[in-house]
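Below you'll find the structure, written out as structure tokens, and then a few comments.
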Amino acid sequence: MATSTTSQPRAAEVERLTLADRVDLLRYMLRMRGIEQRAMTLYRQGQVPGSFYDGLGQEAVSAGAAFAMAAEDRLCILHRDLAAHLIRGVEPERIFAQYMGRCSGLTEGRDGNVHFGDRRLGCVGMVSMLPDMMLVAVGMAMAFRIRGERRCALTWLGDGSTSRGDCHEAMNWAGVQRLPVIFVLENNQFAYSTPTSKQYAVNPVERAAGYGFPGVSVDGNDVEAMFAATLEARERAIDGGGPTLIAAETMRMHGHAAHDDMAYVPSELVDHWRGRDPIELEEGRLVAAGVDVEGLRAEVGVELEEALRLAREHPFPAASSAREGVFCEGEAQALGDGLARWSGYA
Amino acid sequence: MATSTTSQPRAAEVERLTLADRVDLLRYMLRMRGIEQRAMTLYRQGQVPGSFYDGLGQEAVSAGAAFAMAAEDRLCILHRDLAAHLIRGVEPERIFAQYMGRCSGLTEGRDGNVHFGDRRLGCVGMVSMLPDMMLVAVGMAMAFRIRGERRCALTWLGDGSTSRGDCHEAMNWAGVQRLPVIFVLENNQFAYSTPTSKQYAVNPVERAAGYGFPGVSVDGNDVEAMFAATLEARERAIDGGGPTLIAAETMRMHGHAAHDDMAYVPSELVDHWRGRDPIELEEGRLVAAGVDVEGLRAEVGVELEEALRLAREHPFPAASSAREGVFCEGEAQALGDGLARWSGYA
Amino acid sequence: MPEMTYLQAISDALREEMRCDERVFVMGEDIGTYGGAFKVTEGLQAEFGADRVMDTPMAEAAIIGAAIGAAVVGMRPVCEMQFSDFVACCFDQLVNVAGKMHYRQGLAVPIVIRLPSGGGFSGGPFHSQNPEAWLMHAPGLKVVAPSTAADAKGLLIAAIRDPNPVCFLEHKNLYRRIRGEVPAGTYQTPMTARVAREGDDMVVITYGGMVWTALEATEDLEGASIRVLDLRSLVPLDEAAILEAVGDCGKVVVVDEANATCAAGAQVSALIAEQGFEFLDGPIRRVATPDVPIAFSPPLEKALLPQVEDIRETCRELLAY
Amino acid sequence: MPEMTYLQAISDALREEMRCDERVFVMGEDIGTYGGAFKVTEGLQAEFGADRVMDTPMAEAAIIGAAIGAAVVGMRPVCEMQFSDFVACCFDQLVNVAGKMHYRQGLAVPIVIRLPSGGGFSGGPFHSQNPEAWLMHAPGLKVVAPSTAADAKGLLIAAIRDPNPVCFLEHKNLYRRIRGEVPAGTYQTPMTARVAREGDDMVVITYGGMVWTALEATEDLEGASIRVLDLRSLVPLDEAAILEAVGDCGKVVVVDEANATCAAGAQVSALIAEQGFEFLDGPIRRVATPDVPIAFSPPLEKALLPQVEDIRETCRELLAY
Ligand SMILES: Cc1ncc(C[n+]2csc(CCOP(=O)(O)OP(=O)(O)O)c2C)c(N)n1
Ligand SMILES: Cc1ncc(C[n+]2csc(CCOP(=O)(O)OP(=O)(O)O)c2C)c(N)n1
Ligand SMILES: [Mg+2]
Ligand SMILES: [Mg+2]
């Protein structure tokens, strides 16, 4: 019976990252943080309707995992995982527009904040009910298995979401049918205000064995470790080795949403994790490798300011369109392929 | 971390059974089988509306577990567990009436076959949706913990039911709050026509550890072993030691319901288990101990024939009562106490 | 044309669609080796194999969620709920994931959920329900409920070819009781209403199992000419056909087997009260199951489910109005 | 009498009941330390402790199932769904276990489920729903939906003391917007309708958040005398009050915020069309959200949810009928 193992960034996979790949990984994390910081300001300015959720401090989890996915793979991206959208090919401008409820946003104003996914890029947008998308990922993987395709599905879930029945039904089904699916458990220590101690008695990574597949613990703030663990899981999946549960240890550095001051979080905990910032960690490595990190930051800043400037100009959707599209009138279109950024796929 | 252990009928608990207790255990198994055999005939005669489910070959699971429960404990009894109702104090006559949809049945004709429980005897009748009652048992145990009472809740579930989300939500919640609840997993090898291999990749008894409490495998056809494992779990529960998952290995010796010829079950499997009949096993022990087993059988037979004769005479409920009782009009009455048969409670 | 039962017509639709479209597959509990609790899928696994006629774990949310996932990558899943009552166990996946997907992100979810529904055989509170109203109240789900063998086949084929999630209500009490001529090959029945019997003194509007009860009840009612409108589809609802019938007849009885409050019949009645008011020659009468769980014991169940006599009595009263 | 917001009135009811009945406890996600997503339970854990103000795992089915279990052994659980939309995740426990328990076995299930519901603040498709019709269609569940602060407190106390499962719909858009005088101590508001404004030319029948929209829309409508009937309770439904209003006014507009098909408004309309037909001086008009998920972007959401102007326009048309 497979039991959980802690995988440090394993030479094997990490060495398959070129310097350019590692610069890309940093770039996507910088874009994610830059977009969310600007969006938070927009929210405070009243430009973002509803609420606003971000993934500050968790950028490595989505960046590292999504970077290991191939164009033909399929993803259900969650609300702390903006980097995954960027890696699949979603432009920052459309993300700003999405937050602001403009017609050029990914859902054309129908859904809010992070509840989106670009179907042309192989992504199914999340629903609010967590972790419902795990079952959708299982279904995609089931289709791949039935058709004998060497592809896999990946989705994220939070520590709180492990308490829901859908999490169990998904893990069990994936295990019974040995499906090519990867579950990335994003353990950011809290579910809204609820600490993991009220969510489970045993770290859920231990449960993978009870479903018949490996559970792997990874440093969720180390983007290269996330890439390595995901690539390993993906290769096992497409070779018929079945699912993997990757438990990424990280920390939610903001409140649950913009309105939440997270007074319930002990400050030592925040201080501890502030010292382990995923972007600073990767920057340190790249500076050592001679990369002009300052230049990269500036580049991303310029790019995002321009994206935001353009997005601000996009119109709101027309009220007259509100009732359109409840049903599909034409042919059902399956998901398209996303971009595969890793040089190993080139 | 607790992991699953196989408990043979442990001297400690089994020796707490007097010979009279053991005769009682056999008596309840004989009554269960006798009632279900007669009910099956009634069904074939068209006297039992709807469908009919029985627990042939599984009598030891409910008899052994229920026998270890105290009067103040609370139970949710499932559809293969008729002996548990008898042990709590339900009279055979009312069970026959229940099957036949008569007004003197436990649900007064509102619900069918085994979907009943006598609230005055501390039992909540099961709903069809499986294993929903696990959550109800968790809630009862939660109330006991909040009120600081030394009582526990027990429910059964089938192997197929382990695939449902509610099973996970119940086990997880019970583990987090260390509740005094016992889950008896009745592994009778099939869920309707579905073998366990299509239900899970790993024996669910292994999962208990992932929820932070012990999982114990027991020979479900040995009524004394069932009693021992349950008594041990109960004592742990009321001492604040938390939940236990007892996995009883057994076999469903009839089809899923009366209409099912179970052609999908390999005959070797049936033959194997026929050689391990729980009633014959206990009879063997008692004969060796000098008990007049034939006399006991005869006694039970007479008793049941009389019960059936009386039940046949009970009227059907009046059509005029069909709309009554959807809502409770008076004071809500909590569950009452059941009978505690074990001499250790006397 | 071959004659077959309502049940055989459903099996036939599945077989035909699986033969002509390899994307179509069926999944559910005990539908493979065993052929399904009602034997609707009997023989299909032998012809199409275990992947296309898949025995699933006992997990309804997973069945719907997995179907959604398979659908968005190009498959055409047809799920069976062993009884329609179990739709409560996958309600979230159905209404929140499947139902809202296309509106939110333009992604179609071509899945079919087969729902063996209805009472009349002592199934009790958990095996007799008619859940259509819950589904009708969830935007993005189509809901159909055939009453004849030919419509059962044609509507199931239409549902499978529809790019949207379609809930297919098949009434258990019609499975073997109802036979009829069913065209061979594949054809689609439109999701519109059907006149089950012509008439112009009064119209009984219903669907599913109650169509037959209504026909029997109104067969010979003091010589009155009573139309029976079989809705066939509840979402979309054929409002034009309903209003036309009201215009022709003036008197309306709406019958459904579901619990009365907020039922499909309530929607039909509200529609008429708003848009057909001027045609009405009397109150819109309803016959439905009261808001009570469906009891098990025959006399109780009979007292709850609409009977021929209940409908006849209501029609008599309205005719006399 | 102290004046307080709708939200404070709900908190007050919980506090009063927990003080006078130790069997009462509240449970839900983030309701303890954090005081709830909307701060309804703020301060309660400090006063009553972590067992009586319990932070649960994120598991809605478990919340309802555990509440049922606690209730049948003598507790009085009050559950909070973080948003009413999540009721889809515990639908099975609610309709099949809680709703049918008393009918099946005479066992009462005194639980309350608090459901923060409704839209109007860009909550999007998963945080704006009004699920009452789903619950009304499930036998054995009571459903109440207060519109004023005083009724919110009185109905919540009545719900907690009711021996049955009661779904308590609290409209998020009223939480801080609506204030009013609220009696101190404990009192019960009857589960009957309330006349929010007298009038006899026409009646607008509604409940919850739409009561205020209806009052504003009909405040000054070419001097017409328009009654506004606030249902307050949907199960039981105050049919007598509805029919009385129809008898007095003759013209009826039914308004609800939920998606139109099979909504509470459809039931009210069907009831009137059957039992109040002779009082009607015109069609029964309905105003409701179309069968569309509630969109996020302000112009879309506004186009979907009933607005003051939509109601006013409908009333104008009907007055002119
Ligand atoms: C089924 C369900 N219940 C409640 C909520 C409300 N809610 C939104 S996010 C959240 C916390 C989720 O915690 P976790 O799964 O750890 O993800 P995180 O936000 O920490 O990344 C809750 C309770 C929800 N989205 N879905
Ligand atoms: C949620 C749910 N889905 C489907 C069913 C239909 N059904 C009734 S019993 C059964 C098999 C249950 O198998 P198991 O849990 O192993 O219990 P057993 O009958 O073998 O004791 C099924 C699928 C059900 N009762 N509940
Ligand atoms: Mg978290
Ligand atoms: Mg079994």
Side-chain angles (χ1 to χ4, degrees), chain A residues 48-51 98-103 105 107-113 115-116 126-132 158-168 190-200 255-257 259-260 262-264 315-327, chain D residues 27-39 45 50 54-63 65 81-83 85-93 119-129 259-261 289-305 307:
Chain A
V48 174
S51 47
Q98 165 72 16
Y99 290 146
M100 295 189 284
R102 307 301 172 88
C103 63
T107 65
E108 298 167 15
R110 270 88 188 292
D111 206 342
N113 50 67
H115 294 167
F116 67 84
M126 66 181 282
V127 298
S128 174
M129 289 67 193
L130 299 171
D132 290 16
D159 43 283
S161 303
T162 61
S163 297
R164 273 287 315 291
D166 287 23
C167 175
H168 167 71
F190 288 88
Y192 206 147
S193 72
T194 308
T196 56
S197 60
K198 285 183 179 156
Q199 213 65 249
Y200 44 72
H256 169 64
H259 66 272
D260 172 16
M262 60 185 218
Y264 49 82
F316 281 95
S320 59
S321 69
R323 297 171 183 225
E324 294 163 11
V326 175
F327 291 106
Chain D
M27 62 197 287
E29 296 156 6
D30 307 294
I31 68 160
T33 324
Y34 189 66
F38 298 99
K39 300 293 178 184
Q45 196 178 61
M54 186 189 295
D55 281 316
T56 67
M58 194 181 100
E60 286 72 16
I63 290 171
M81 289 286 121
Q82 200 158 77
F83 286 82
D85 310 66
F86 299 120
V87 78
C89 303
C90 55
F91 201 64
D92 172 47
Q93 284 286 336
F121 43 86
S122 291
F126 306 105
H127 291 69
S128 309
Q129 288 174 94
N259 297 111
T261 293
T289 296
D291 296 326
V292 178
I294 312 306
F296 160 79
S297 190
L300 299 178
E301 182 181 34
K302 194 161 172 307
L304 295 173
L305 298 179
Q307 306 294 317

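Quick caveat, the model's predicted, so the values are computed rather than measured. Quick note on labels: first sequence line is chain A, next is B, and so on, each numbered from 1.
Taking a 6.0 Å sphere around NZ of K302(D), one finds it holds 12 or fewer heavy atoms contributed by other residues, nucleotides or ligands.
In this structure, chain D has a heavy atom under 4.5 Å from the backbone of A191(A), while its side chain stays farther away. Using a 4.5 Å cut-off between heavy atoms, Q82(D) contacts chain A through its side chain alone, with no backbone atom that close. Contact of F190(A) with chain D is not made at all, since no heavy-atom distance falls under 4.5 Å. With a threshold of 4.5 angstrom between heavy atoms, V127(A) approaches chain D through its backbone and through its side chain. Interface remark: E108(A) contributes backbone atoms only to the contact with chain D (heavy atom separation under 4.5 Å). If you measure heavy-atom distances from D132(A) to chain D, you find no contacts under 4.5 Å at all. With a threshold of 4.5 angstrom between heavy atoms, Y192(A) approaches chain D through its backbone and through its side chain. Heavy atoms closer than 4.5 Å to chain A are found in both the backbone and the side chain of D85(D). With a threshold of 4.5 angstrom between heavy atoms, H115(A) approaches chain D through side-chain atoms but not through N, CA, C or O. Looking at A263(A), there are no atoms closer than 4.5 Å to chain D (heavy atoms on both sides), in backbone or side chain. Both the backbone and the side chain of S161(A) come within less than 4.5 Å of a heavy atom in chain D.
In this structure, M58(D) and Q199(A) approach most closely via the heavy-atom pair N-OE1, 2.6 Å. K198(A) approaches P57(D) most closely through the heavy-atom pair O-CG, 3.6 Å. Contact record, S128(A) with H127(D): OG-CE1, 2.8 Å, taken as the closest heavy-atom pair. F296(D) and N113(A) make their closest contact through CZ-N, 4.2 Å (heavy atoms, listed as atom of the first residue, atom of the second, distance). Nearest heavy atom pair, residue S321(A) against residue L300(D), reads OG-CD2, 3.6 Å.
Of the listed residues S122(D), G124(D), G123(D), the one with more heavy-atom pairs under 4.5 angstrom with chain A than any other is S122(D). Interface remark: of the candidates S51(A), A318(A), P317(A), P317(A) forms the most heavy-atom pairs closer than 4.5 Å to chain D. Of the residues considered (A61(D), P299(D), A303(D), A62(D)), P299(D) shows the highest number of contacts with chain A, using heavy-atom pairs under 4.5 Å. Of all the listed residues (L304(D), T56(D), T33(D)), the one sharing the greatest number of non-hydrogen pairs under 4.5 Å with chain A is L304(D). Among A319(A), S163(A), S320(A), the residue making the largest number of heavy-atom pairs under 4.5 Å with chain D is S163(A).
Summarising the geometry, atom SG belonging to C89(D) is positioned 4.0 Å from atom CZ belonging to R164(A); distances are rounded to the nearest 0.5 Å.
D30(D) places a side-chain N or O within 3.5 Å of a backbone atom of T194(A) that can act as its donor or acceptor partner.
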